[in-house]
Amino acid sequence: MRLHDPLNTLPGVGVGRMKVFAALGLHTISDMLFYMPLRYEDRRRTAPIGDLVPGVKVTVKGTVSSFHVRKSASRNLFVATLDVEDESSSASVVLFGGYRSFYSIRDGAGIIMYGMPLQKGGVLEFQNPDYVILRHGAEEAPPDFGRILPVYPTTKGLPRRVLANLIFSCVTSPNLSIDDPIPADMLKKRSLSGLRDALRGVHAPSDQDEINNSRVRLAYGELFEMQRKIFLAREARDRIVAKPIQQDAVSAGRFTSSLPFELTASQLQAMDEICRDMAVRRPMHRLLQGDVGSGKTVVALAAASACACAGFQSAILAPTTILSSQFYGEAVKYLSPLGFKCAELTGGTGAKDRGGLLDGLAGGEIDVLVGTHAMLEDDVSFKSLGLVVIDEQHRFGVAQRDMIYGKSVGAHVLLMSATPIPRTLCMALYGDIDSSAIRGKPSSRKPVVTRVLSDNHMDELYKFISSRVKLRERCYWVCPLIGEDDGDSVGDSSVMARTADMEKKIPGVSVAKLYGSMTPAEKVSVMERFSSGDAGILVSTTVIEVGVDVRDACVIVVESASSFGLSQLHQLRGRVGRGSRAGFCILLDSAANISGNRRLEVLTKCDDGYVIAEEDLRLRGAGEIAGVRQHGAVSLKIASLPEDLNLLEMAREDAAIK
Ligand code: ADP
Ligand code: MG
């Protein structure tokens, strides 16, 4: 029996059960053995019936000395009353269930049970204890009694006991062969147990210490394998020779002096770090982190300009059509005047344009290509790709990421993210990646005034918004739900319901809506209406979360704000106050949800995305940090962050040993 064998090689697992296992995401023996208990039930205490203490859970072994079943008042429910005795005394047992559930019980049968005896009249009584009727002559207690019993999350069609016994017999089987992926000397160095012992220790533990140590070892193993992959990928990348991109001071100066603003010190520093990376034959792999509105776009364009000066092409990849066209607009604005040719390729690009565009890329006439994952198609090829920029990189899935890396062999890679990820987590996700951070915002940006507001004040809020819209400002209104079109299921806090309500109560103001299931073309056209001012209010789901830049947007309202992560709210807030006018962010929720809600208060006082991300990490765990959620740190099954940070450190160190 090997770890990668499918589960149906185990006795008692047939087609039906395989389906249930599959629903839990379990396909192989390994999947099952890495399926962790939710909690444990300590069933080690066994006692003769004469020594039972009312109210204390215990395992008891005895013989059924009398057995009666009667129908209860409610339909289909039967009540069985048993007397169970051992040498010391006897107790009564009451069981509820369908008639058939008692089929194995008979006078004289051996029984083992676990439960809490209670004093009932003069006798001790167990109500619905967990029990098993012992097969005649069976000496050995079944594995679910008299030990620390793991309790697993399970699902319909797979009783807890079946799963627990299956795992138990598998993990204790002498036929199970296990290769430990962690080298023995590493385990020795860290005083960790081998994989076999650790698996045994979580599924068939003999005490609490064994559970703890085993869990640590498994968490370490998980983190080690993750870090090893990251390390090997990095090594492989480092072996590839990239095109060195050297930029002379004159052309670098031409880019910066053509900008309508002064670059901030941290933008300049990021540019410098990127240009140094690109100047050598080792491919750049750098993460550029910067809060929303910190000005990452122009830094990426500076890199693209350096590339173009050196005769290489750049590809800039955005997660959505909206973000792509926005980026493309900026590219044209800043790069065309310097004589560089930009083009955009998305899923919506027509066949004719696409043909010409592909020729331009292959022929080298196009210097900078901005687009969505449409540019990952096979027939898109570059004459000499020097740089790949991935904007809002965490929004690309693993498969897309691999495709991007596959297509950009030998090119320098710049990853960008608007969600500052706490340093420690960053390491978990990327290993020792080079990273540049833009701290602070261009000075033209004003802080966004943030308030937490109870939804009792809706009328005043509507008044406020309509007054701002009349000043030609724009307002975002974010709802957690879309809401169905078909009428009856329109919930509160939905885009549809909110739009309808506004159209009734704020006459004279045009309201647009935006949500994920619209086609890319529809989204672009809605954004155009909003950004041109044809629509004063945009009611949307969080699709506007990242990147969108509408200069006159000054107010953002988020409904049911307490259901969002802080980082996510902070990102949403970054959509406003981008121009020279002040921005307002209203976090709306029911009075009950806001009273005493310290979490939301953090946002009213703090404007630093890093601090907010740390706060999210502290309050809600790694899974809540936008940008981490999609990445895989949360697909960790055993380890959890930030709790296991010290293990992560160890694993990272060990994984980098050749
Ligand atoms: P993000 O980092 O969120 O992608 P953007 O690159 O979209 O931010 O920048 C936000 C806005 O700030 C853009 O309109 C951009 O033109 C402007 N901007 C960027 N850098 C500066 C600067 N140094 N001074 C003034 N405005 C700037
Ligand atoms: Mg951006």
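Both counts, for ligands and for their atoms, begin at 1 and track the order of listing. Scope of the values below: all heavy atoms of this structure, side chains included, with no hydrogens, waters or symmetry mates. Quick note: residue numbers are just sequence positions, from 1.
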- Task: Identify the heavy atoms of Ser314 and Cys307 that sit nearest to each other, and give their distance.
- Result: OG-CB, 3.5 Å
- Message: Would Val298 count as a polar contact of ligand 1, with the cut-off being nitrogen or oxygen pairs under 3.5 Å?
- Response: no
- Contact with ligand 1 for Gln326, non-hydrogen, under 4.0 angstrom: no
- Message: With heavy-atom distances below 4.0 Å as the criterion, list the atoms of ligand 1 near Thr297.
- Response: 4 (O), 5 (P), 6 (O), 7 (O)
- Message: Closer than 4.0 angstrom, basic N to acidic O: yes or no for Arg652 and Glu649?
- Response: yes
- State the atoms of ligand 1, each with its element, that fall below the 4.0 Å cut-off from a heavy-atom position in Glu262. 22 (C), 23 (N), 24 (N)
- Message: Check for me whether Ser294 has a heavy atom closer than 4.0 Å to any atom of ligand 1.
- Response: yes
- Message: Does the plane of the ring in Phe530 sit parallel, tilted or perpendicular to the ring in Tyr476? Use 30° and 60° as the thresholds.
- Response: tilted
- Of all the atoms in ligand 1, which lie at a distance below 4.0 Å from a heavy atom belonging to Thr264? 23 (N)
- Query: For Glu262, does the CD atom sit with more than 12 other heavy atoms under 6.0 Å from it, leaving out its own atoms?
  - Reply: no
- Query: Does Lys383 use its side chain to pair, donor to acceptor, with the backbone of Ile366 at less than 3.5 Å?
  - Reply: no
- Message: I need the contact type for Gln267 against ligand 1. Using non-hydrogen atoms and a strict under-4.0 Å cut-off, is it side chain, backbone, both or neither?
- Response: side chain
- Message: Test your reading of the model: is there a side-chain donor-acceptor pair from Gln267 to the backbone of Gly295, 3.5 Å cut-off?
- Response: yes
